[in-house]
S.K.: 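What follows is a structure written as structure tokens; I'll ask about it next.
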Amino acid sequence: ARRARGLAATAIAWGPWAGSGMAAEADAEEQLRRRGLHGMAQELATEALAGAIGGGQPAVTVADVDWERFAPGYTALRRSPLIGDLPEVQSALAAGQAGEGGQGGGADDAAAELRARLGGLTDGERRQSLLDLVRGTVAEALGHASAAEVKADRSFKDLGFDSLTAVELRNQLTAATGHRLPATLVFDHPTPRALAEHLTAELFPAGGDAAGPEGGEARIRQALATVPLSRLREAGVLETLLDIAGLHDDVQESDGSDGEEGAAAIDDMDVDSLIQMAFENTDSDS
């Protein structure tokens with residue numbers, strides 16, 4: 001309105017000044033830096049003020065921005081005409097998209113180590129381990145001292161996430177797991193527990209068997225323990241299991257025949273105990 005009347009007017013949108021205003025506290029300054037906004041030295045900011053007033057533009061923004069860190073988060077959920085035409089932003093977004101497919105060097109090794117460790121766990125242990133990973137990474141992204149401050153069922157919004165910290169979390173989890181994750185990760189899966197469940201499904205589709213002998217054996221035991229003995233008998237595998245477990249002869253001797261009492265004795269057994277004995281006898285034979 002002042003410009004339309006030929007009067008002097010310049011509106012300046014300021015980024016943080018170092019050691020003052022929104023960046024006065026050390027923690028606040030660190031949080032802004034992590035989002036890609038650096039505190040400007042007062043001498044530099046004062047020079048920018050003079051340049052803005054004399055530049056003839058009615059509205060300007062003055063900030064020290066790390067575009068590679070700031071731009072992906074700022075544009076995570078929507079295209080931003082405000083900064084979209086800046087060459088630095090276009091370069092930063094192109095570099096970010098090129099790097100989403102994977103990490104290099106040590107990150108690949110760490111991701112492979114994590115997958116191997118998770119593969120040797122039961123399904124429940126794996127879910128808990130991924131939840132611990134998510135909570136720890138969330139705590140780091142928010143600047144908390146420990147994962148204990150991150151509640152598993154509290155929404156990311158309530159925890160203090162915005163689009164910038166959401167991208168930071170995505171980047172860290174991508175590096176940790178070696179799995180490509182979208183920038184909208186925390187918006188699609190709004191709590192640490194929901195995100196951990198998503199990672200479990202992504203890394204181990206359809207509850208896939210855990211890699212390695214311990215994880216595989218645990219899943220086999222769990223599955224077999226749910227099968228009624230009558231079904232094992234109907235399928236013709238009960239006798240084989242008894243032989244492997246070394247129980248067939250004991251049952252025959254206990255009732256003096258191969259008749260109904262022996263069958264009843266088997267039906268009274270704990271299935272998990274039968275499977276346990278079968279595995280133990282197999283191990284001892286080997």
Side-chain angles (χ1 to χ4, degrees), residues 34-35 69 72-78 93 95-223:
R34 291 166 70 92
R35 288 163 170 76
R69 185 176 289 270
Y74 193 78
T75 61
L77 297 181
R78 63 207 177 281
L93 293 178
Q97 290 172 356
E100 281 184 5
Q103 307 292 320
D108 286 339
D109 294 339
E113 182 178 344
L114 173 69
R115 285 170 177 263
R117 179 171 63 81
L118 292 174
L121 302 177
T122 65
D123 184 65
E125 292 169 338
R126 187 184 304 143
R127 292 173 187 275
Q128 183 60 51
S129 183
L130 283 170
L131 178 58
D132 292 341
L133 170 66
V134 170
R135 291 178 65 204
T137 309
V138 168
E140 183 178 350
L142 294 176
H144 292 317
S146 73
E149 299 181 51
V150 178
K151 303 301 182 185
D153 296 305
R154 191 176 182 188
S155 72
F156 286 111
K157 180 180 179 180
D158 289 341
L159 287 169
F161 267 75
D162 56 20
S163 58
L164 299 176
T165 43
V167 170
E168 182 176 350
L169 177 64
R170 184 281 305 268
N171 291 343
Q172 292 188 39
L173 288 177
T174 293
T177 63
H179 189 76
R180 183 171 181 172
L181 301 167
T184 57
L185 192 66
V186 304
F187 303 100
D188 298 333
H189 311 281
T191 68
R193 190 182 304 280
L195 178 49
E197 291 296 318
H198 171 70
L199 290 178
T200 301
E202 288 289 302
L203 298 175
F204 299 89
D209 288 344
E214 293 183 1
E217 181 175 315
R219 291 187 62 81
I220 292 171
R221 291 176 187 272
Q222 183 179 14

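Along the sequence shown, residues are numbered consecutively beginning with 1. The structure presented is a predicted model; accordingly, all values stated were derived computationally and were not measured.
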S.K.: Over all heavy atoms of both residues, which pair between A139 and S146 is shortest? Give the atoms and the distance, please.
M.R.: CB-O, 3.5 Å
S.K.: Could I get the full list of ring-ring contact (aromatic ring centres under 6.0 Å, His included) partners for H198, not counting sequence neighbours?
M.R.: H189
S.K.: Please round to the nearest 0.5 Å and tell me the distance separating atom CZ of R154 and atom CZ of R135.
M.R.: 12.5 Å
S.K.: If you measure from CD on E202 to CZ on R180, what distance do you get to the nearest 0.5 Å?
M.R.: 12.5 Å
S.K.: Of all the heavy-atom pairs spanning F161 and A141, show the shortest one and how long it is.
M.R.: CZ-CB, 4.3 Å
S.K.: Between T184 and F187 (side chain of the first, backbone of the second, donor and acceptor by atom type, cut-off under 3.5 Å), is there such a pair?
M.R.: no
S.K.: Are the side chains of L199 and L181 in touch, meaning some heavy atoms are under 4.5 Å apart?
M.R.: yes
S.K.: Please round to the nearest 0.5 Å and tell me the distance separating atom CD of E168 and atom CG of L173.
M.R.: 10.5 Å
S.K.: Would you mind reporting whether L130 and R127 have side-chain heavy atoms less than 4.5 Å apart?
M.R.: no
S.K.: Examine the side chains of T174 and N171 and answer whether a donor and an acceptor come within less than 3.5 Å of each other.
M.R.: no
S.K.: Side chains of D132 and Q128, heavy atoms from C-beta outward: is any pair under 4.5 Å?
M.R.: yes
S.K.: Is a side-chain donor or acceptor of T137 paired with a backbone partner of L133 at a separation under 3.5 angstrom?
M.R.: yes
S.K.: With a 4.5 Å heavy-atom cut-off, do L195 and V138 have their side chains touching?
M.R.: no
S.K.: For a quick test of reading the model, state the closest non-hydrogen atom pair linking A175 to A111 and the distance between them.
M.R.: O-CB, 3.9 Å
S.K.: If every non-hydrogen atom of A152 is compared with every non-hydrogen atom of P192, which pair is closest and at what distance?
M.R.: O-CD, 3.3 Å
S.K.: Check whether R126 reaches the backbone of L121 with its side chain - one donor and one acceptor, N or O, closer than 3.5 Å.
M.R.: yes
S.K.: Quick check for you: to the nearest 0.5 Å, what is the distance between T191 atom OG1 and K151 atom NZ?
M.R.: 14.0 Å
S.K.: Main chain of L185, side chain of R170: is a donor-acceptor contact present, judged purely on distance under 3.5 Å?
M.R.: no
